[in-house]
Amino acid sequence: MTTVADAIARANSERHGALIGYLPLGFPDIDTSVEAAIALVNAGVDVLELGLPYSDPVMDGPIIQAATVEALAKGFRVRDAFDAVRRIHAATGTPVLIMSYWNLILQYGVDAFARELAEAGGAGLITPDLIPDEAGEWIAASEQHRLERVFLAAPTSSADRLTLITEQSRGFVYTVSTMGTTGAREDVDEAARGLVARLRAAGCTSACVGIGISTATQVREVLEYADGAIVGSALVRALADGGIPALTDLAQKLAEGTR
């Protein structure tokens with residue numbers, strides 16, 4: 001199995017860096033979300049980040065919130081994620097990370113979730129509202145089931161916290177480009193460059209920047225100093241407005257920023 005770290009390292013060796021694409025599972029329905037994820041890989045995405053729909057997505061902007069509300073209204077359940085991951089990984093071989101708020105994992109059972117994710121071929125978890133200090137159960141489960149764990153670093157994080165995040169992350173550190181909710185912005189916050197430099201000083205060898213990236217130019221700019229660029233809201237909007245053809249077109253354009 002190709003790990004997230006392997007995929008990012010290969011992208012940095014062969015091109016300017018990695019493109020990570022986010023989509024919510026179950027939007028606009030489960031089968032289409034699987035097809036959309038596969039389309040992202042075929043368009044040039046190196047790592048997939050698939051969100052579990054959640055009723056109170058505090059970090060997500062309005063575009064992703066609307067998509068997750070629709071997915072939940074159509075009956076998406078956490079257990080549906082494992083079959084989706086299995087299908088996507090079997091079709092692409094690309095590392096698939098689940099992004100989930102921690103309460104969903106707790107409700108399902110941490111070890112059960114980790115075991116079933118690993119059995120489905122999933123690479124690991126991005127946990128936006130879980131800090132390493134409080135992640136003992138997840139760290140133990142991820143080690144047991146050989147899953148990668150991605151913690152978030154923010155511009156407000158102290159030097160000590162950046163060191164802890166770097167030590168406990170596997171795959172990459174999710175580098176938040178600006179404070180606030182997700183959503184495309186005209187300019188990616190300059191704070192991201194400084195935060196990546198601070199992470200490097202803390203020993204981080206794989207930092208990927210997310211929140212606010214929506215164009216190939218922004219991808220290219222981010223990859224001047226980071227190992228990967230994460231695009232979410234722009235892809236979700238393309239899928240919502242124009243279906244898989246529009247999603248594919250945007251992903252291909254974004255991938256040009258890695259070359």
Side-chain angles (χ1 to χ4, degrees), residues 4-5 8 11-12 16-22 46-47 49 51 54 56-65 97-102 124-135 138-139 148-237 254 257-258:
V4 171
I8 293 172
N12 277 269
H16 294 309
L19 178 61
I20 300 171
Y22 167 91
D46 299 288
V47 176
E49 175 189 345
Y54 186 50
D56 186 25
V58 293
M59 265 193 65
D60 297 333
I63 294 170
I64 294 176
Q65 284 187 24
L97 289 165
I98 292 293
M99 195 288 284
S100 177
Y101 293 96
W102 189 239
L125 271 179
I126 300 171
T127 50
D129 60 343
L130 180 68
I131 58 176
D133 322 51
E134 300 173 358
W138 163 231
I139 290 171
E148 293 179 285
R149 51 183 185 264
V150 178
F151 292 109
L152 273 65
T156 54
S157 299
S158 67
D160 287 345
R161 178 154 297 281
L162 292 182
T163 297
L164 179 61
I165 290 168
T166 295
E167 290 173 346
Q168 294 299 335
S169 291
R170 300 290 183 270
F172 65 90
V173 173
Y174 194 123
T175 309
V176 179
S177 67
T178 186
M179 301 304 293
T181 59
T182 61
R185 293 172 171 82
E186 291 184 3
D187 296 304
V188 176
D189 197 327
E190 184 65 22
R193 188 183 295 267
L195 178 54
V196 170
R198 294 174 63 211
L199 281 166
R200 302 289 193 218
C204 179
T205 58
S206 187
C208 298
V209 172
I211 301 184
I213 302 170
S214 60
T215 68
T217 298
Q218 290 176 333
V219 169
R220 190 174 294 110
E221 290 171 350
V222 163
L223 295 181
E224 290 176 0
Y225 58 88
D227 303 287
I230 306 167
V231 182
S233 293
L235 292 170
V236 179
R237 182 193 291 115
L254 292 168
T258 70

Asker: Carefully, step by step, assess L235 and Y22 under the rule side chain to side chain contact (heavy atoms under 4.5 Å, CB included).
Answerer: CA-CA 7 Å; L235 292 170; Y22 167 91; 5.8 Å; no
Asker: Does P132 reach the side chain of R161, with side-chain heavy atoms less than 4.5 Å apart?
Answerer: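 Yes. Closest side-chain heavy atoms under 4.5 Å.
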Asker: Kindly give the heavy-atom pair with the smallest separation between V176 and P155, and that separation in Å.
Answerer: O-CD, 3.4 Å
Asker: Any idea which heavy atoms bring I213 and A229 closest together, and the distance?
Answerer: CD1-CB, 4.1 Å
Asker: May I ask you to decide if L164's main-chain N or O and Q168's side chain share a donor-acceptor pair within less than 3.5 Å?
Answerer: no
Asker: How close do V209 and A192 get, counting heavy atoms only, and between which atoms?
Answerer: CG1-CB, 4.0 Å
Asker: Taking the side chain as every heavy atom from C-beta outward, state whether L125 and L97 have any atom pair closer than 4.5 Å.
Answerer: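 No. Closest side-chain heavy atoms not under 4.5 Å.
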Asker: OG1 of T258 to CG of L19: how many Å apart, nearest 0.5 Å?
Answerer: 6.5 Å
Asker: Would you compute the distance between atom CD1 of I126 and atom OG of S169 and round it to the nearest 0.5 angstrom?
Answerer: 10.5 Å
Asker: Quick check for you: to the nearest 0.5 Å, what is the distance between I139 atom CD1 and R170 atom CZ?
Answerer: 8.0 Å
Asker: Over all heavy atoms of both residues, which pair between A202 and T163 is shortest? Give the atoms and the distance, please.
Answerer: CB-OG1, 3.8 Å
Asker: T166 and V173: which non-hydrogen atoms are nearest, and at how many Å?
Answerer: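 Scanning both residues completely, I find the closest heavy atoms to be CA-CG2, 4.3 Å.
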Asker: At what distance, to the nearest 0.5 angstrom, does CD1 of I131 lie from CD1 of I165?
Answerer: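 Those atoms lie 8.5 Å apart.
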Asker: Say you draw a straight line from CG of D129 to CD of E134; how long is it, rounded to the nearest 0.5 Å?
Answerer: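 Output value for this atom pair is 10.0 Å.
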Asker: Do L162 and L195 have side chains that get closer than 4.5 Å, going by heavy atoms?
Answerer: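 In short, these two side chains touch, coming nearer than 4.5 Å.
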Asker: Less than 4.5 Å apart, any side-chain heavy atom of H16 and any of E224?
Answerer: no
Asker: Check step by step if side chain to side chain contact (heavy atoms under 4.5 Å, CB included) holds for I8 and C208.
Answerer: CA-CA 9 Å; I8 293 172; C208 298; 3.7 Å; yes
Asker: Judged by atom type as modelled, is there a donor-acceptor pair below 3.5 Å linking the side chain of S206 to the main-chain atoms of G171?
Answerer: yes
Asker: Do V231 and I20 make a side-chain contact, defined as non-hydrogen atoms from C-beta onward lying under 4.5 Å apart?
Answerer: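 No. Closest side-chain heavy atoms not under 4.5 Å.
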Asker: For S157, does its backbone N or O pair with a side-chain atom of R198 as donor and acceptor, under 3.5 Å?
Answerer: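 Side chain of R198 to backbone of S157, a donor-acceptor pair under 3.5 Å: yes, one is there.
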Asker: Using 0.5 Å steps for rounding, measure from the OH atom of Y174 to the CE atom of M99.
Answerer: 7.5 Å
Asker: Set out, in order, the CA-CA distance, both residues' side-chain angles and the distance that settles side chain to side chain contact (heavy atoms under 4.5 Å, CB included) for I230 and V222, then state yes or no.
Answerer: CA-CA 10 Å; I230 306 167; V222 163; over 6 Å; no
Asker: Kindly indicate whether the side chain of F151, heavy atoms from C-beta on, has any atom under 4.5 Å from the side chain of W138.
Answerer: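 Touching, per the 4.5 Å side-chain cut-off.
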Asker: Which atom pair, heavy atoms only, marks the closest approach of P128 to S100?
Answerer: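 Closest approach of P128 to S100: CD-O, 3.4 Å.
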Asker: Can you tell me if D227 uses its side chain to pair, donor with acceptor, with the backbone of A207 under 3.5 Å?
Answerer: yes
Asker: Does R237 form a side chain to side chain contact (heavy atoms under 4.5 Å, CB included) with I63? I'd like the steps, not just the answer.
Answerer: CA-CA 6 Å; R237 182 193 291 115; I63 294 170; 2.9 Å; yes
